[in-house]
Amino acid sequence: MKAAILSNASNMMLLHNHPSGNLEPSKEDTMLTDRMNRVCELMGIPLTDHIIVGGDNTRFFLLSKRK
């Protein structure tokens with residue numbers, strides 16, 4: 001959040017990798033996304049998405065598309 005605030009970001013995205021190649025979001029991934037979404041709303045910097053990249057970096061999962 002500090003970097004987003006200091007750079008006057010208009011929105012924010014989270015991105016991390018799962019070296020195993022399993023793109024399924026973990027419980028922690030989902031909880032972090034929900035928590036960051038609430039924080040971003042409070043700060044006025046919308047969370048655009050949280051992206052998980054797979055082992056070889058050719059596949060990805062958008063948490064915005066989760067059911």
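With a 4.5 Å cut-off on side-chain heavy atoms, M43 and M12 do not count as touching. The side-chain heavy atoms of L15 and V53, taken from C-beta on, include a pair separated by under 4.5 Å. With a 4.5 Å cut-off on side-chain heavy atoms, E28 and M31 do not count as touching. The shortest side-chain heavy-atom distance between L14 and L47 falls under the 4.5 Å cut-off. Using a 4.5 Å heavy-atom threshold, the side chains of I5 and I45 count as touching. The closest side-chain heavy-atom distance from N17 to I52 is not below 4.5 Å.
In this structure, NE2 on H16 lies 8.0 Å from CG on L32, to the nearest 0.5 angstrom. How far OG1 of T48 is from CG of L62: 11.5 Å, rounded to the nearest 0.5 Å. Note that CE of M13 and OG of S64 are 9.5 Å apart. Values are rounded to the nearest 0.5 Å.
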With side-chain contact (heavy atoms from CB on, under 4.5 Å) as the criterion, how do H18 and D29 come out once you've worked through the C-alpha distance, each side chain's angles and the decisive distance to 0.1 Å?
CA-CA 11 Å; H18 283 185; D29 292 336; 3.0 Å; yes
N22 vs S20, side chain to side chain donor-acceptor pair (under 3.5 Å): CA-CA, chis, key distance, verdict:
CA-CA 5 Å; N22 179 4; S20 67; 5.1 Å; no
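More than 12 heavy atoms of other residues, nucleotides or ligands lie within 6.0 Å of CE in M1, so this atom counts as buried by the packing criterion.
Summarising the geometry of F60 relative to I51, their closest heavy-atom pair is CB-CG2, 4.0 Å, with the distance given to 0.1 Å. Between S10 and P46, the shortest heavy-atom contact is O-CD, 3.3 Å.
Scored by the salt bridge (Lys or Arg N to Asp or Glu O under 4.0 Å) test, D34 finds R66 as partners (sequence neighbours excluded).
Counted by atom type alone, H50 and N37 present zero donor-acceptor pairs between their side chains at under 3.5 Å.
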